[in-house]
Amino acid sequence: MSTETGGGEAPKTALQALSLSYAYGGGPLILDGLSAEIRAGEFVGILGTNGTGKSTFLRLMAGLLRPRSGKAVLKGRDIASLSRRQIACELAFVPQEPSVWLPFTCREVVSMGRYVRSSGWKYSAEDLEIAERCMRETRTLELADRRVCELSGGELQRVCIAQALAQETEILMLDEPTSHLDISFQLDIMELLAELQRRRNLTVAAVLHDLNLAAQFCSRLLILNGGGVFADGSPAEVLTSDNLRRVFKVEADISSEGAGPRIWLRSSSRSEF
Amino acid sequence: MRYRGLLFIALSLLLLLLSAAIAASFGSVHIPFGSVCRGFFSLDVLTEAERVIIFDLRLPRIALAFGVGAALSLSGCGLQSILRNPLADPYIVGTSSGACLGAALAIVWHVPPLFGVCSAVPVLAFAGAVLAMGAVYFLAKVNNVLPVENFLLSGVIVGSFIGALVSFLMTAAGSDLHRVILWMVGTLGQSEPASVWMVFSYLLAGGLVLWLNSGALNVMGMGEEKAQTLGVNVERLKLAVIAACSLMTAAAVSAAGMIGFLGLVVPHVSRSLIGPEHRILLPAALLNGGAFLILADTLARTAVSPQELPVGAVTALCGAPFFFWVMHRKMKN
């Protein structure tokens, strides 16, 4: 139940990928022996070009896919050996495009985050209180009685983050939380995540597209390429013009004043098209 | 919100009692509606003959109509939620075609009553339904996972295959063709007391399985993957809900034939009136499905009396415009 871990000792390993391999159907290996580690309290951004298996990596780490070989380890335990209930107590996941088929109210949707902590049939007063607090933290309380199908993309994304927070897990995973939002909502969501990560000492792992947003908010970045981890480190270490040229095939000027590196994309060197 | 839900359940219950009273009142012998209503409180107001008509003739049929309507509606509601498909209905699982084949075989082969008492038609229909459902389930399953698209597709495939067999049987049926057709359009007139008990026991068991899983069914509204990360064992839930819905459908179809439309529409109408919260929605769908079939059956047996209309046609004939009205009103808002 505790969300206030942290403390003085060395950060513990929250998630560990041990030479993960995965292929969809009979297709080629999309991940090939990927190993990585995410420590407690980090805000990790996962970058890479389309189709390099960023979402696949996230799904494997959340136990939604079973790897062909290798292991996904959640707090020291092989995720394949854990039940959905056990995983849901440790890890919350916000999908790329949340779709709610039925016209639930936002309050009902956020309360569903308490499913795993409740009897599964009825939410207690405490559950509803926690849901309300999570809505306040994500500034969705004013949406509480609206139906989710009436929300804009940014509002729905915030409601889904509130739902994930209501699970009260230490780890929060997000698959491109800002991909179909306009720039002010993107900033809004990233600021919210950074704030929650600090305040609740969450471990956040998010697949991101915008390099500047990633540089600005993440404490650590992973670039996936060729089925494995291409670069791993602080934003300043990872976002170099050499890395960007080799992975994203773009020329970039990087200036490192202020919070994190700023990236100025110049021109494409994709001449072979 | 919660009180609104309970109020809606209370209203549905009232509607059900009203439908039952109307059904008890109308028929070849008309019993005044007022005395039927007063009969709820004291039997003394009814004459001996009225009591016999109501309790021996009309009440068993009302009970069957309630059970069948409730089972179909509940089953449609559960399947729509678990498959996340608004077009899902109780017959999508292949149960109806399986039941059809079983019943047609029993009729065409003149299978004698089992154990000398119980007509073979519902028994074979039930067996056919369960076999078809099993076939659909195992065809769709891949490595212990049941993908919803596979399930819908194999339901359609098994349904068409068995449908073809039924067509062959019907061309060979000769003088029995009428009975096969009568069974297929659905009727509540020819069933036996045993089938009332069968429908009610499956309704009770299946309904409990669904209702106890209300919370998980709500979470399924978020999508399968999201439901998993929220802690739902999705595959186990699918198995439980599909089995419960299919068995309820099998019981309903084998008792009363194929009564269409109700299982698709009553859940939709109930949902658009009360919302998707399953703890309220499931009992509401159950009560409304039962009330709807009681009313439709009353109309079917009284409209052109002494002839009887096929109740399956009546449900669609009255249900479709009503459904359209509810959807239209909803779209305008």
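Quantities reported herein were computed from a predicted structural model and do not represent experimental measurements. Numbers restart at 1 for each chain; the letters A, B, ... are given by sequence-line order, proteins then strands.
A salt bridge between E168(A) and R117(A) is absent, with no side-chain N of the basic residue lying under 4.0 Å from a carboxylate O of the acidic one. A salt bridge between R147(A) and E150(A) is absent, with no side-chain N of the basic residue lying under 4.0 Å from a carboxylate O of the acidic one. Contact check on R84(A) versus E235(B) returns no salt bridge, with no Lys/Arg side-chain nitrogen under 4.0 Å from an Asp/Glu carboxylate oxygen.
When each of G215(B), A227(B), P276(B) is checked for heavy-atom pairs under 4.5 Å with chain A, P276(B) comes out on top. The candidate with the highest count of non-hydrogen atom pairs below 4.5 Å against chain B, out of R85(A), M173(A), Q163(A), Q86(A), is Q163(A). Top candidate by heavy-atom pairs under 4.5 Å with chain B, chosen from P103(A), P95(A), G113(A), is P103(A). In terms of heavy-atom pairs under 4.5 Å with chain A, the best-connected choice from A216(B), S272(B), S214(B) is A216(B). Per-residue counts of heavy-atom pairs under 4.5 Å with chain A were compared for Q80(B), R271(B), M220(B); the largest is that of Q80(B).
Tested against R200(A) for a salt bridge (charged side-chain N to carboxylate O under 4.0 Å, His left out), the candidates E195(A), E137(A), E170(A) yield a single pass: E137(A).
Contact annotation for V232(B): both backbone and side-chain heavy atoms come within less than 4.5 Å of a heavy atom of chain A. For N85(B), the part lying under 4.5 angstrom from a heavy atom of chain A is the backbone only.
To the nearest 0.5 Å, atoms OG1 (T56(A)) and CG (L64(A)) are separated by 11.0 Å.
The closest side-chain heavy-atom distance from S111(A) to D127(A) is not below 4.5 Å.
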